[in-house]
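Being a predicted model, the structure only gives us computed values, none of them experimental. Counting starts at 1 for both ligands and their atoms, in listed order.
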Amino acid sequence: MGKSSKDKRDAYYRLAKEQGWRARSAFKLLQLDEEFDLFNGVTRVVDLCAAPGSWSQVLSRVLIKGEKFGRSAWEDQEGKLRQQLLKVFGQEISAEEKEAIDKKAREKDILRPRKDVKIVAIDLQPMSPLEGIITLRADITHPATVPLLLRALDPTYDPETHSQQASQPVDLVISDGAPDVTGLHDLDIYVQSQLLFAALNLAMCVLKPGGKFVAKIFRGRNVDLLFAQLKIFFERVIVAKPRSSRASSVEAFIVCLNFSPPEGFKASLDEPMGIGDRLSQMAKMKAQQQPIVAPTVLQDLATETWSASPAKPFRADKNGIIQLPPIENIDRAAKDGRWVAPFLACGDLSGFDADASYHLPKDRITLDPVQPPTAPPYKRALEMRKAAGGAYGKTTSK
Ligand code: SAM
């Protein structure tokens with residue numbers, strides 16, 4: 001498939017090149033920020049599984065350069081929109097309100113770089129440098145990566161003694177990790193969950209109380225168990241599906257807000273999350289102490305969010321009326337230590353559909369990718385094929 005047909009098939013792929021993003025994933029992070037105001041008050045961030053680096057680019061443009069995207073940009077435009085709307089209905093706004101709106105509009109494009117920003121990006125693949133971002137080439141599932149990260153965050157960290165002079169924890173950990181997909185759903189979901197546990201483990205070691213954690217998940221069987229486990233450590237856990245993530249894909253993002261681990265909890269490298277049954281025991285304990293499942297399901301209904309869990313404890317009927325789950329399902333879920341996280345679609349719903357093909361004008365110029373892959377897995381295969389004389393090998397003529 002050529003670049004041009006991919007342009008047609010995927011509006012976000014095309015937009016990413018037009019706007020200078022290294023990958024279309026940038027829109028996913030921007031749309032998550034639009035919904036959850038992720039970057040509010042944030043200066044220290046860890047970007048896991050970061051290559052080719054479009055999420056790091058977003059971080060760099062928002063935190064280092066001080067550009068406005070997402071919610072903060074919308075807030076600036078709100079006044080102007082209100083002004084236009086009132087005009088349509090033949091109404092005027094007061095002189096003071098007009099002055100305030102004009103002032104905001106004048107300030108809209110002023111860059112506001114944040115102070116003391118620290119961004120560390122990690123990936124298995126090499127990543128082309130981005131100004132102001134520390135990049136590490138490492139495997140997030142490997143225990144040796146934790147001290148590497150701690151050292152990058154704080155150069156006084158001594159891996160021998162695990163001591164730090166200054167503890168400067170992190171406000172936000174994001175992870176867009178994805179294994180090479182095999183197409184075998186259960187295997188892909190298993191490997192993805194290992195990446196997620198590794199990301200969570202790293203997050204536990206560096207997040208400050210009140211910090212945020214955002215990670216890619218594949219919605220599969222037992223995902224509600226995972227939600228319950230995350231709920232042990234974060235006050236709010238929400239599953240979000242940005243508009244730029246294809247509806248046909250099982251991909252979604254878990255947004256965990258207000259890191260508040262149980263009293264006395266210490267992240268441990270010796271007993272990482274996801275290994276053994278420490279996590280499930282903590283989840284069960286929490287469910288017994290605080291029966292989070294039933295009240296939260298009802299509460300979520302009240303706020304008009306609904307479950308995306310494959311367990312489908314409740315769903316809308318053909319008239320759009322939400323059916324409550326049979327009460328025994330809620331009871332069973334509570335006993336199993338499962339929990340259904342609220343589900344939110346985010347991003348402008350009238351924006352581009354990630355699953356649609358769009359008509360493009362004939363005279364359109366197809367742009368090259370902003371950052372070609374530095375070491376793509378197919379590079380060696382191509383070299384071998386070239387050395388062998390092409391796709392069908394060397395042909396010798398007699
Ligand atoms: N967020 C990135 C961006 O915006 O450019 C895109 C990330 S891409 C979808 C997934 C990345 O996960 C790949 O670059 C891959 O190398 C990385 N990855 C997969 N397993 C990893 C691991 N164990 N440790 C570090 N990175 C990993």
Heteroatom proximity flag, Ala23 to ligand 1, N/O under 3.5 Å:
no
For Ala138, counting its heavy atoms only, list the atoms of ligand 1 lying under 4.0 Å from any of them.
24 (N), 25 (C)
Working to the nearest 0.5 Å, report the span between CG of Asp176 and CG of Leu195.
10.5 Å
Any side-chain to backbone donor/acceptor pair from Asp47 onto Ala50? Under 3.5 Å, distance only.
no
Tell me, with the steps shown, if Phe69 and Trp21 meet ring-ring contact (aromatic ring centres under 6.0 Å, His included).
CA-CA 14 Å; Phe69 290 99; Trp21 302 113; 5.8 Å; yes
Any idea which of Asp180, Leu136, Asp176 brings a heavy atom closest to atom 10 (C) of ligand 1?
Asp176
Considering only heavy atoms, does Leu195 approach ligand 1 within less than 4.0 Å through its side chain, its backbone, both, or neither?
side chain
Is there a path of hydrophobic side-chain contacts, each under 4.5 Å between heavy atoms, that joins Leu124 and Leu48?
no
Could you tell me whether Ser54 approaches ligand 1 through its side chain, its backbone, both or neither, with non-hydrogen atoms closer than 4.0 Å?
both
If you take the nearest heavy atom of each of Asp123, Leu59, Leu124, which one is closest to atom 16 (O) of ligand 1?
Asp123
Indicate yes or no: at least one non-hydrogen side-chain atom of Lys17 is less than 4.5 angstrom from one of Arg24.
no
Sub-3.5 Å N/O-N/O distance, Asp139 and ligand 1
yes
Could you list the atoms of ligand 1 found under 4.0 angstrom from a heavy atom of Gly53?
3 (C), 5 (O)
Which residue and heavy atom of the protein sit nearest atom 18 (N) of ligand 1, plus the separation:
Cys49 SG, 3.9 Å
More than 12 heavy atoms of other groups within 6.0 Å of Glu131 CD
no
Considering only non-hydrogen protein atoms, determine which one is nearest to atom 24 (N) of ligand 1 and report residue, atom name and distance to 0.1 Å.
Ile140 N, 3.0 Å
Ser25 neighbourhood, listing ligand 1 atoms whose heavy-atom distance to it stays under 4.0 Å
4 (O)
Taking the non-hydrogen atoms of Gln125, is any one of them nearer than 4.0 angstrom to ligand 1?
yes
Ser248 and Asp355: side chain donor to acceptor below 3.5 Å
yes
Ala26 contact mode with ligand 1 (heavy-atom cut-off under 4.0 Å):
neither
Nearest-contact summary for atom 6 (C) of ligand 1 - protein heavy atom, Å
Ala51 O, 3.2 Å
Can you tell me how the ring of Tyr12 sits relative to the ring of Phe352, calling it parallel under 30°, perpendicular over 60° and tilted otherwise?
perpendicular
Taking both backbone and side-chain atoms of Pro179, is any N or O found less than 3.5 Å from an N or O belonging to ligand 1?
no
Between Ala198 and ligand 1, find which residue part has any heavy-atom pair under 4.0 Å and reply side chain, backbone, both or neither.
neither
Near Pro52 (heavy-atom distance under 4.0 Å), the atoms of ligand 1 are 5 (O)
Output the distance between atom CG (Leu63) and atom CZ (Phe39), rounded to the nearest 0.5 Å.
6.5 Å
Closest heavy-atom contact between Asp123 and Cys49?
OD2-C, 3.1 Å
Using a strict cut-off of 4.0 Å, indicate which atoms of ligand 1 neighbour a heavy atom of Ala178.
10 (C), 12 (O), 19 (C)
Do Ser245 and Glu251 pass the side chain to side chain donor-acceptor pair (under 3.5 Å) test, and can you show the C-alpha distance, the side-chain angles, and the key distance before you say yes or no?
CA-CA 7 Å; Ser245 169; Glu251 171 190 270; 2.7 Å; yes
List ligand 1 atoms under 4.0 Å from Ala50, heavy atoms only on the residue side.
2 (C), 3 (C), 5 (O)
